[in-house]
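First up is the structure itself, then whatever we jot down about it.
As the structure is a computational prediction, the values presented were derived from the model and not from experiment. Positions are given from 1 along the sequence.
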Amino acid sequence: MTVSTAKTNHATLVARFEMRYPAGAAIQADFELPADGFSATVLLGPSGSGKTTVLRCLAGLQRPQSGVIRYGDQTWCDAARGVNLAPQQRGIGYLAQDYALFPHLSVSANVAYGLRGMNADGRRHRVAEMLDRFGLTSLERRYPYQLSGGEGQRVALARALARRPRLLLLDEPLSALDAPLRERLRRDLRRWLAEFEVPVILVTHDRTDALAVGDGLVVMAGGKTLQSGSVQEVFARPSDVAVATVTGVESVVPGRIVDVQEGLARVTAGGVELLALPPDEECREVFVCIRAEDVVLQRGESGATSVRNRLDGQVRSLEPQGAMVRVTLDCGFSLAALVTRLACEELGLKPGQSVTAMLKAPAVHLIPRDA
């Protein structure tokens, strides 16, 4: 399925190609993205889904056997016509997962590496500018082995952006960092990238990275592009169960639409009834998709509320996850909820405890399924 995230009347990056391997595996890309000014598009999917292969094909490091890659009015690859521009002809910046810093070069020399076509004064000025913008001036004489993970990432970004690329490609730029540093740099990364007004494509398998950094989202699994669109659109309305799984929908259960009245579908699942927004296409058999963060837990009576769905259930398990606790309930079907540790303590949640799960109708997403 292809949904364009490109802006009307603006330059776009078109990627519609297939990369086949001798063993028989094939990676298919099918999306269109903005290609002027800053935007961050995330290729999201599990390991082995083909994300890095797509990135390498965009960079010109691998050559698809069929299809096209176009950037604005320039064709980068057209397999049928035998066109395949080299990486340097595409004007891209590429950041590998391990950053690929040259161990024998200092920080300043690493940043300067891609500027060999500039005169000496221009090169010195550009390196000084990049070191300043990434807070690296005090580290300019250090070597990669003397840098922390976060410092190495900044050097690699400075080197990739020093050449003023038309497109920046980032392969898992945060995966090599420990959790606390990753959380901090996740916020910084988008700010740094936005300053350069360059379109960015970022590969990750981490949903939090996608939500924190991305404007657009391309979901991949099994070597195929499953859905693309804005981050908010894809996360809120996954097109099928595979996309729901990749984007982190915890509760997916089969259900059946009973009727649709006043813009709301009445659906049964696991012996209970829910109200939801109806799917775009007319159908009866559906998958009911609910995100854990959309479920509110309560004990005892509640006052007046606009919440349309109230499900009685029992706590089956509690799983601490940092500052949060994942609560698994039996509400006629297995339902996950995500609450803070404080809320968990205040509610006195424990296995076997009776609770009420509340969720608004728009939080219940219905995906058509074959009967």
Side-chain angles (χ1 to χ4, degrees), residues 35-42 52 55-56 58-62 71 85-204 209 212-213:
D36 53 353
F38 171 70
S39 64
T41 300
V42 174
T52 294
L55 206 69
R56 289 177 61 83
L58 293 175
L61 300 174
Q62 289 182 252
Y71 186 98
L85 299 189
Q88 58 269 28
Q89 294 175 295
R90 303 185 186 201
I92 56 98
Y94 186 87
L95 178 58
Q97 187 171 343
D98 61 0
Y99 305 153
L101 297 176
F102 297 108
H104 63 290
L105 298 181
S106 67
V107 166
S108 60
N110 262 284
V111 174
Y113 185 80
L115 303 175
R116 287 168 292 178
M118 297 178 66
N119 62 44
D121 287 342
R123 190 162 56 248
R124 280 194 296 270
H125 181 271
R126 181 69 58 80
V127 169
E129 175 195 356
M130 300 306 294
L131 294 177
D132 179 63
R133 293 184 76 165
F134 282 95
L136 297 166
T137 303
S138 63
L139 307 177
E140 62 180 332
R141 297 183 183 277
R142 292 191 186 180
Y143 288 83
Y145 74 91
Q146 298 173 306
L147 303 175
S148 68
E151 290 166 347
Q153 184 205 52
R154 282 184 282 152
V155 174
L157 276 172
R159 183 179 63 184
L161 287 164
R163 297 176 56 247
R164 300 288 192 265
R166 302 169 68 192
L167 175 68
L168 180 63
L169 306 174
L170 308 178
D171 191 0
E172 297 275 9
L174 299 169
S175 64
L177 308 176
D178 58 43
L181 182 58
R182 181 179 185 132
E183 185 174 348
R184 186 171 76 250
L185 291 186
R186 191 182 276 131
R187 297 189 298 269
D188 292 337
L189 181 60
R190 181 177 172 86
R191 174 175 55 81
W192 289 334
L193 297 174
E195 290 177 359
F196 288 87
E197 299 184 354
V198 174
V200 178
I201 299 178
L202 180 150
V203 160
T204 185
D209 291 350
V213 180

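We find the CZ-CG distance between R191 and L193 to be 10.0 Å, quoted to the nearest 0.5 Å. Expressed to the nearest 0.5 Å, how far OG of S106 lies from CZ of R142 amounts to 12.5 Å. Here the CD-CD distance, from E172 to Q97, works out to 5.0 Å after rounding to the nearest 0.5 Å. Taken from OG in S148 to CG in L139, the straight-line distance is 8.0 Å, to the nearest 0.5 Å. With values rounded to the nearest 0.5 angstrom, L55 atom CG is found 8.5 Å from L61 atom CG. One distance of note links NE2 of H125 with CE of M130; it measures 12.0 Å at 0.5 Å rounding.
Side-chain atoms of D171 do not come within 3.5 Å of backbone N or O of V203 as any donor-acceptor pair. Without hydrogens or angle criteria, R123 side chain to A112 main chain gives no donor-acceptor distance under 3.5 Å. Counting only distance, with no hydrogens or angles, the side chain of R190 and the backbone of V213 share a donor-acceptor pair below 3.5 Å. At least one donor-acceptor pair under 3.5 Å links the side chain of N110 to the backbone N or O of F102. In this structure, Q153 contributes its side chain and P173 its backbone to a donor-acceptor pair below 3.5 Å.
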Side chain to side chain contact (heavy atoms under 4.5 Å, CB included) between I201 and L168, worked out
CA-CA 6 Å; I201 299 178; L168 180 63; over 6 Å; no
Which is it for V107 and Q146 under the side chain to side chain contact (heavy atoms under 4.5 Å, CB included) test, yes or no, and what are the steps along the way?
CA-CA 10 Å; V107 166; Q146 298 173 306; over 6 Å; no
Given R166 and I92, is the side chain to side chain contact (heavy atoms under 4.5 Å, CB included) satisfied, shown in steps?
CA-CA 6 Å; R166 302 169 68 192; I92 56 98; over 6 Å; no
Can you check side chain to side chain contact (heavy atoms under 4.5 Å, CB included) on V200 and S39, steps first, answer last?
CA-CA 6 Å; V200 178; S39 64; over 6 Å; no
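Geometrically, R164 does not engage F196 in a cation-pi contact defined by less than 6.0 Å to the ring centre and at most 45° from the axis.
At most 12 non-hydrogen atoms from other residues, nucleotides or ligands lie less than 6.0 angstrom from CZ of R141.
Y71 places none of its side-chain heavy atoms less than 4.5 Å from the side chain of R90. A heavy-atom distance below 4.5 Å is found between the side chains of L189 and L157.
Legend: residues meeting ring pair (Phe, Tyr, Trp, His ring centres under 6.0 Å) with Y143, ordered by chain and number and at least two apart, are absent.
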